Amino acid sequence: MEAVPEKTMPEKTMPREAASEETATAAPGDLGEHFEATVARGARIEPRDWMPDAYRATLVRQIAQHAHSEVIGMQPEGNWITRAPSLRRKAILLAKVQDEAGHGLYLYSACETLGVSREELTALLLAGRQKYSSIFNYPALSYADVGTIGWLVDGAAICNQVPLCRTSYGPYGRAMIRICKEESFHQRQGYELLMTMMRGTGEQRAMVQESVDRFWWPSLMMFGPPDADSPNSARSMAWGIKRNGNDELRQRFVDMTVPQAEALGVSLPDPDLRWNAERESYDFGEPDWSEFAAVLRGEGPCNAQRLAHRARAHEDGAWVRNAALAFAKAGAAHE
Amino acid sequence: MSEWPLYEVFVRGKRGLNHVHVGSLHAPDDQMAISHARDVYTRRNEGVSIWVVRSDAITASSPDEKDPLFAPSGDKVYRHPTFYEIPDNVPHM
């Protein structure tokens, strides 16, 4: 759930230490060389190492976007917790949504090692100045969507995230390792849910197909625009922040998913999808990038609703945060 | 209203292992930090014991003094067992 290039981070959000360092890559001699050499030999950059301002800013933008995605990503499925069809499904869905909150926290922690505060990141999200993955601006309309989100959306996320376990920034890579371990449960529970529905009535099978039809293209868009239109990609690859291009990962996802769709007994809504024996890969059609751009601009089906819900949850939680802090202060005063 | 302070979290994976740093979180006090750490870092039996410590209570070596700080151990090869030549016919050494 990364890799949607945006404008450079506004100056105000530059981490304080970094802002004082002035220019982006004109590193004070040895430090710059040390950074370049560390990245070049595939070693990790750690929080207190010197790093170029633009490297720091890119990471803050990407990790924050990733963290916001996990947190906003609780909404489409969280919506179904009270309407789960069985206690088993309810327990699974609760565990999954709780994981998403946990993933958000791992990533916020990683981001904070770069010198931004949690409060700042939350404020930037609520002000619409940092983004989250466009996929969460699509609604979950039926319980089949819980399965499809697990299978396709989390499947695409795994494709994106596994290579990030080797990202050049240590705390980010460590968070990703933890997340990837848990993400596999998400994908499998989704696929199992869909398998169960496919063994059910004709109506249930139709629900699954309808759900897959809606989520297929938005899932492909999760890898971001084609490399040629992704201006920051090359630099992120050079810095070892990203390890693979958007198109390569998208292809990998399609190749993994087609046999899964066949096993499930659903069709994927792409007339151009066919095996290419020469490439030993599937050819597939072009996602509607104008739709992607529109959703990024805030014109997706749920953009306003998602952000409003997040803002409300933050405000509703204010008294809890304040009360806990007051309680801690009172306790400290008594000692 | 100020933000909850930052804590670093260390988890002992199982008996016999050291506590290992797993990440950080915000909490209003030590007790809540333990509760949050349980929810965030041990949802799948990853630990049998948790330490939390305020991040601002940690003193760390500076990466800038990396070389001078660790240099003294660089040239003391005699601290390693392989420094000493022992004939092959000497057993258990």
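In what follows, chains are A, B, ... by sequence order, proteins preceding strands, each numbered from 1. Every value quoted in this text rests on a predicted model; they were computed, and no experiment measured them.
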K.L.:
Does Asn45(B), at its CG atom, have more than 12 non-hydrogen atoms belonging to other residues, nucleotides or ligands within less than 6.0 Å?
P.N.:
no
K.L.:
Measuring heavy-atom distances to chain B, does Gln98(A) have an atom under 4.5 Å in its side chain, in its backbone, in both, or in neither?
P.N.:
both
K.L.:
Quick one: does any side-chain atom of Ser109(A) pair with a main-chain N or O of Gly23(B) as donor and acceptor, under 3.5 Å?
P.N.:
no
K.L.:
Evaluate whether atom NZ of Lys76(B) has more than 12 neighbouring non-hydrogen atoms of other residues, nucleotides or ligands under 6.0 angstrom away.
P.N.:
yes
K.L.:
Picking from Arg43(B), His26(B), Met32(B), which has the most non-hydrogen pairs under 4.5 angstrom with chain A?
P.N.:
Arg43(B)
K.L.:
For the residue pair Asp29(B) and Ala328(A), what are the closest heavy atoms and their distance?
P.N.:
CB-CB, 3.7 Å
K.L.:
Would you mind checking if Glu3(B) and Arg118(A) are paired as a salt bridge, meaning a charged N to carboxylate O distance below 4.0 Å?
P.N.:
no
K.L.:
Looking at Gln31(B), I want to see if its CD is surrounded by more than 12 non-hydrogen atoms of other residues, nucleotides or ligands under 6.0 Å.
P.N.:
no
K.L.:
Side chain, backbone, both or neither: which part of Glu46(B) has an atom under 4.5 Å from a heavy atom of chain A?
P.N.:
side chain
K.L.:
Tyr41(B) side chain to Gly102(A) main-chain N or O, any donor-acceptor pair under 3.5 Å?
P.N.:
no
K.L.:
So Leu25(B) and Tyr108(A), side chain to side chain contact (heavy atoms under 4.5 Å, CB included) or not? Walk me through it.
P.N.:
CA-CA 9 Å; Leu25(B) 50 76; Tyr108(A) 282 129; over 6 Å; no
K.L.:
Please report the closest heavy-atom contact between Val320(A) and Trp4(B), naming both atoms and the distance.
P.N.:
O-CZ2, 4.3 Å
K.L.:
Is the count of non-hydrogen atoms from other residues, nucleotides or ligands lying under 6.0 Å from Asp75(B) atom CG greater than 12?
P.N.:
yes
K.L.:
Under a 4.5 Å heavy-atom cut-off, does chain B meet the side chain of Phe327(A), its backbone, both or neither?
P.N.:
side chain
K.L.:
Could you walk me through whether Arg178(A) and Val22(B) pass the side chain to side chain contact (heavy atoms under 4.5 Å, CB included) test, one step at a time?
P.N.:
CA-CA 9 Å; Arg178(A) 197 169 275 281; Val22(B) 293; 3.4 Å; yes
